**Student:** 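Can you keep this structure in mind? I'll have questions shortly.
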Number of protein chains: 2
Amino acid sequence: MAGETSRPAADATTDPELACPISPVVDIVFSRWTSPILWSLHAFGRQRFVELERRIEKITPKVLTQRLRQLERDGLVVRTYHPEVPPRVEYEISELGRTLSPLFAQIAEWATTNLDHVERARRHYDEAGAPRG
Amino acid sequence: MAGETSRPAADATTDPELACPISPVVDIVFSRWTSPILWSLHAFGRQRFVELERRIEKITPKVLTQRLRQLERDGLVVRTYHPEVPPRVEYEISELGRTLSPLFAQIAEWATTNLDHVERARRHYDEAGAPRG
DNA sequence: CGGAATCCTCAGCGATACTG
DNA sequence: CAGTATCGCTGAGGATTCCG
């Protein structure tokens with residue numbers, strides 16, 4: 001979105017095509033497995049591949065590699081290769097990735113205050129809330 | 001998940017299994033199509049099914065129904081059925097859903113300030129950043 | 001160790017048609 | 001209008017094997 005010369009401030013409330021300005025962020029930051037990865041790197045600092053693999057249970061090496069590549073490409077994660085024997089690779093949050101911290105904090109806060117509301121709503125819905133229509 | 005009596009305050013920094021406290025929120029709020037739907041309802045207020053369908057381009061009625069049901073079940077969206085001819089159904093953000101507003105605002109803000117950084121990182125990566133190792 | 005390559009499965013979505 | 005039902009398919013992800 002850098003080369004947008006003179007578009008009349010397309011606002012989400014007027015432009016149907018931009019119905020959701022947060023979707024791009026969601027695709028980048030909250031796509032499958034990316035939140036655990038980013039959180040892990042954010043909470044535990046620089047880590048090796050296996051550390052991440054063990055920490056994020058049930059993720060397969062293939063998918064972990066895919067997601068790390070994606071995050072590296074998006075500039076959120078920095079990959080450092082140490083040409084040793086055995087080889088060693090370390091991943092860490094980039095500076096850009098660190099700008100997500102307040103966002104993550106706010107989400108975590110929302111979780112602690114509202115997640116049980118969701119749980120309750122689900123139970124209520126499952127018991128008697130089936131839609132009529 | 002409901003029968004967990006007396007778990008010793010499992011903290012994300014000590015419990016590997018809870019590697020990511022924000023994942024549940026991501027599953028609820030940022031799963032496929034949910035962000036455009038919530039945003040649409042948030043930005044344009046109460047809307048009928050077809051309005052949402054037209055606003056969120058390329059979504060099929062089937063999937064829109066699925067997502068709306070899910071959001072209703074999670075207590076983020078309220079569905080109102082008007083038994084008229086022709087039938088009329090309206091959807092709106094619930095009170096719980098409205099608590100997401102600051103979150104969405106912050107994400108939108110992150111988008112405006114950092115999305116082009118991501119774009120640049122991608123170009124840089126695609127040009128010369130292929131990982132060695 | 002940190003992957004890449006290969007094969008395979010299956011949930012989710014699209015397309016279409018039909019209903020109250 | 002506001003969905004439901006059915007079918008077919010695609011592609012993300014799992015399992016396995018191999019390599020520098």
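Note on naming: letters A, B, ... go to the chains in the order of the sequence lines (proteins, then strands), and numbering restarts at 1 for each one. Everything quoted here is computed from the prediction, not taken from an experiment.
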**Student:** Mapping B:P87 and B:K62 to their closest nucleotides on DNA chain D, which lands nearer the 5' end?
**Tutor:** B:P87

**Student:** Would you mind reading off the distance between B:E53 atom CD and C:dA15 atom P, rounded to a whole angstrom?
**Tutor:** 12 Å

**Student:** Which nucleotide, C:dG3, D:dA15, D:dC1, lies nearest any side-chain atom of A:T60?
**Tutor:** D:dA15

**Student:** CG of B:D27 versus P of C:dA11: gap in Å, rounded?
**Tutor:** 17 Å

**Student:** Rounding to an integer number of Å, can you tell me how far A:Q47 CD sits from C:dG2 P?
**Tutor:** 11 Å

**Student:** Can you classify the ring geometry of B:F30 versus A:F30 as parallel (below 30°), tilted (30 to 60°) or perpendicular (above 60°)?
**Tutor:** parallel

**Student:** Measuring from the side chain of B:W33 (C-beta onward, heavy atoms only), which nucleotide among C:dG14, D:dG3, D:dG13 has the closest atom?
**Tutor:** C:dG14

**Student:** Is it the case that the side chains of B:Q70 and B:R73 hold a donor-acceptor pair, with the cut-off being a distance below 3.5 Å and no angle test?
**Tutor:** no

**Student:** Measuring from A:L68:CG to A:L38:CG, what's the distance to the nearest 0.5 Å?
**Tutor:** 9.0 Å

**Student:** Please determine if a side-chain N or O atom of A:Y91 lies less than 4.0 Å away from the OP1 or OP2 oxygen of C:dC1.
**Tutor:** no

**Student:** With a cut-off of less than 4.0 Å, is there a side-chain N or O of A:R48 near OP1 or OP2 of C:dC1?
**Tutor:** no

**Student:** Picking from C:dC13, C:dG2, D:dG13, which would you name as closest to the side chain of A:V63?
**Tutor:** D:dG13

**Student:** Which whole-number value in Å describes the distance from B:I56 CD1 to C:dG14 C1'?
**Tutor:** 17 Å

**Student:** Output yes when at least one side-chain N/O atom of A:Y81 is less than 4.0 Å from OP1 or OP2 of D:dG20, else no.
**Tutor:** no

**Student:** State whether A:R79 places a side-chain N or O below 4.0 Å from either non-bridging phosphate oxygen (OP1 or OP2) of C:dG3.
**Tutor:** yes

**Student:** How many whole angstroms separate atom CZ of B:R32 from atom C1' of C:dC13?
**Tutor:** 8 Å

**Student:** For the pair made of CG in A:L64 and P in D:dA12, what is the distance, rounded to whole Å?
**Tutor:** 17 Å

**Student:** By nearest heavy atom, map A:R69 and A:P86 onto DNA chain C; which one lands nearer the 5' end?
**Tutor:** A:P86

**Student:** At under 4.0 Å between heavy atoms, what does B:P61 touch on the DNA or RNA strands: base, sugar-phosphate, or nothing?
**Tutor:** nothing

**Student:** In this structure, how many angstroms lie between the P atom of D:dG3 and the CG atom of B:L52, rounded?
**Tutor:** 10 Å

**Student:** Determine the interplanar angle of the A:H42 and A:F104 rings, folded into 0 to 90°, and report it as parallel if under 30°, tilted if 30 to 60°, perpendicular if over 60°.
**Tutor:** tilted

**Student:** Just wondering, more than 12 heavy atoms not from B:H82 lying within 6.0 Å of its NE2?
**Tutor:** yes

**Student:** Taking atom P of D:dT4 as reference, at what distance in whole Å does atom CD of B:Q66 sit?
**Tutor:** 9 Å

